[in-house]
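Computed from a predicted model, the values in this text were never measured in an experiment.
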Amino acid sequence: NQAQPTRPANSTQITWAKRLDFDGQTVTMEKDVKTSVQSYGATGQTTQTRISGALLQTTLNRHLNLQKPDNTRPLQLRRLTYGGGIKIVSQTQSATGQPLSVDQLQVHSMSLDQQTGELQATGPGWGSSVRVDQRKKENVQPIASPELIYVRVQFENGIAGNIHNRHIRFYRRVQTIYGPVPNWNHVLDPDIPNGLGEQGIELVSERLELADLQQGRQSVVLTAVGNTQIESQKYSALAHQLQFAQLNNLLTLQGDRLPAQLFMKPSKNGAPDAAAKKIMYWLDTNRLQVEGANFINFRRFPTTQAPTGR
């Protein structure tokens with residue numbers, strides 16, 4: 001058996017323009033601090049991340065005595081805390097050099113635990129991602145361009161999540177734009193005519209959870225909570241909680257004190273075409289399933305299953 005090639009070690013480089021302070025375990029760098037991280041995945045993919053900000057404070061995993069260094073235990077960066085306006089650009093490529101994703105983030109300040117992957121950031125800010133649609137990756141011809149998915153999230157308060165399990169939460173007045181794009185530089189803009197395209201959506205909520213489960217073959221799942229509104233060319237909806245699963249293009253709406261409402265376009269009188277405690281709508285097939293139904297326009301959904309509960 002041939003030996004498996006050894007995965008290169010992850011590397012981090014940090015530069016700064018003004019001063020550096022060190023107390024034995026905490027390093028503080030000031031002015032035009034730039035961090036470059038090169039990381040390698042188990043499948044051969046590589047990720048290059050560039051972080052810039054005005055201030056960086058990093059904590060080591062143990063105390064370091066410069067006069068009597070301890071070489072028996074490895075020295076690692078434990079926590080990175082950035083301040084003064086943070087910009088992050090991260091690009092991931094496959095083992096063959098094909099681009100897989102381009103991610104960006106701008107926040108006021110940020111803290112990252114290198115070992116656990118725990119991430120916290122304060123806003124206001126925004127983040128965006130363009131990535132290969134994993135649902136269709138296997139069926140694409142070698143010479144064909146990959147199909148891409150675009151996500152942009154703007155928020156007022158902050159972020160909490162974990163970069164290792166690719167799960168992140170955004171807080172307060174969250175606006176989310178999601179949909180396919182034709183190339184890596186294209187963006188979706190709901191403020192211009194047809195700016196979302198035929199399949200794009202605009203989502204507004206008080207909180208948003210974004211889970212990228214591509215390693216489990218589930219792909220992206222969006223969960224929005226609190227005064228949730230969604231708009232697209234084909235439909236709009238109001239709900240307390242909304243979930244969108246990219247794998248099967250399933251939109252799930254849940255009401256709270258008021259029922260969830262789904263409006264199909266064009267709408268003649270502004271009344272919902274479905275109102276229920278829970279609405280499940282498959283975008284690809286126009287299939288509808290409801291629980292606790294208040295109203296259903298069966299002309300819009302000829303394949304609707306019989307409602308359950310009330």
Side-chain angles (χ1 to χ4, degrees), residues 99 101-106 123-137 145-156 168 170 172-212 214 219-254 260-268 270-274 279-288 300-301:
S101 65
V102 177
D103 304 307
Q104 299 184 68
L105 180 66
Q106 291 194 21
W126 63 269
S128 70
S129 177
V130 182
R131 58 190 53 237
V132 174
D133 188 346
Q134 296 291 334
R135 298 175 304 165
K136 304 174 182 179
K137 185 177 177 182
S145 299
E147 297 196 36
L148 305 175
I149 292 293
Y150 172 87
V151 182
R152 189 184 193 277
V153 181
Q154 187 166 327
F155 56 94
E156 290 291 332
I168 192 167
F170 303 86
R172 194 178 180 205
R173 296 177 184 172
V174 183
Q175 181 198 42
T176 306
I177 307 299
Y178 173 93
V181 289
N183 58 64
W184 291 97
N185 296 319
H186 191 91
V187 298
L188 301 178
D189 187 350
D191 296 325
I192 63 175
N194 300 319
L196 289 176
E198 291 186 359
Q199 302 178 56
I201 61 174
E202 178 186 14
L203 177 62
V204 179
S205 60
E206 286 299 309
R207 186 171 82 246
L208 178 81
E209 295 186 19
L210 176 60
D212 184 353
Q214 290 184 359
S219 204
V220 175
V221 174
L222 301 174
T223 303
V225 181
N227 298 321
T228 301
Q229 303 178 45
I230 188 171
E231 286 284 345
S232 75
Q233 282 192 8
K234 298 181 179 179
Y235 64 90
S236 63
L238 302 173
H240 170 68
Q241 178 172 308
L242 177 152
Q243 185 177 84
F244 174 73
Q246 182 196 6
L247 178 67
N248 52 6
N249 263 353
L250 172 61
L251 182 68
T252 303
L253 310 169
Q254 296 194 52
Q261 300 179 64
L262 178 62
F263 305 78
M264 304 306 296
K265 297 181 179 180
S267 178
K268 294 182 179 180
D273 292 289
I279 299 173
M280 300 176 68
Y281 178 54
W282 284 262
L283 306 182
D284 291 342
T285 61
N286 197 42
R287 177 187 165 205
L288 187 79
R300 292 280 197 178
F301 313 104

Among L222, L203, I201, L208, which one satisfies side chain to side chain contact (heavy atoms under 4.5 Å, CB included) with L242?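 The passing option is L203.
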Test side chain to side chain contact (heavy atoms under 4.5 Å, CB included) applied to V225 and Q254, E206, Q243, H240, the passing residue: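 Of the listed residues Q254, E206, Q243, H240, the side chain to side chain contact (heavy atoms under 4.5 Å, CB included) partner of V225 is H240.
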Would a 4.5 Å heavy-atom cut-off, applied to side chains only, mark D103 and L105 as touching?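 No. Closest side-chain heavy atoms not under 4.5 Å.
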Under 4.5 Å between any side-chain heavy atoms of L250 and M280, yes or no?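 Yes; the side chains approach each other to less than 4.5 Å.
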Where [X] and [Y] come nearest, the two heavy atoms and their spacing:
X    : Y    : answer
W126 : F155 : N-CE2, 3.6 Å
F301 : D273 : CE1-O, 3.7 Å
W184 : V130 : CZ3-O, 3.2 Å
D191 : D189 : N-OD1, 2.9 Å
P190 : I177 : CG-CD1, 3.7 Å

Between F263 and Y235, does the ring centre distance come in under 6.0 Å?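 Aromatic pair excluded; centres sit 6.0 Å or further apart.
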Between atom [atom1] of [X] and atom [atom2] of [Y], what is the distance when rounded to the nearest 0.5 Å?
X    : Y    : atom1 : atom2 : answer
L253 : I279 : CG    : CD1   : 5.0 Å
Y281 : T285 : OH    : OG1   : 8.0 Å
L251 : L262 : CG    : CG    : 7.0 Å
L196 : E202 : CG    : CD    : 6.5 Å

Assess the residue pair Q154 and R152 against the criterion (side chain to side chain donor-acceptor pair (under 3.5 Å)); give the C-alpha distance rounded to whole Å, side-chain angles, the decisive distance to 0.1 Å, and a yes or no. CA-CA 7 Å; Q154 187 166 327; R152 189 184 193 277; 3.1 Å; yes
Spell out, as yes or no, whether a donor-acceptor pair under 3.5 Å connects the side chain of N227 to the backbone of S205.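 Checking the backbone N and O of S205 against the side chain of N227, no donor-acceptor pair under 3.5 Å is found.
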For the side chain of N183 and the backbone of H186, is there at least one donor-acceptor N/O pair under 3.5 Å apart?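 Yes: the side chain of N183 pairs with the backbone of H186.
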Less than 4.0 Å between a side-chain N and a carboxylate O, is that true for K265 and E231?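 The answer is yes: the pair qualifies as a salt bridge.
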Would you find more than 12 non-hydrogen atoms of other residues, nucleotides or ligands less than 6.0 Å from R300 atom CZ?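 For R300, atom CZ is crowded (more than 12 foreign heavy atoms under 6.0 Å).
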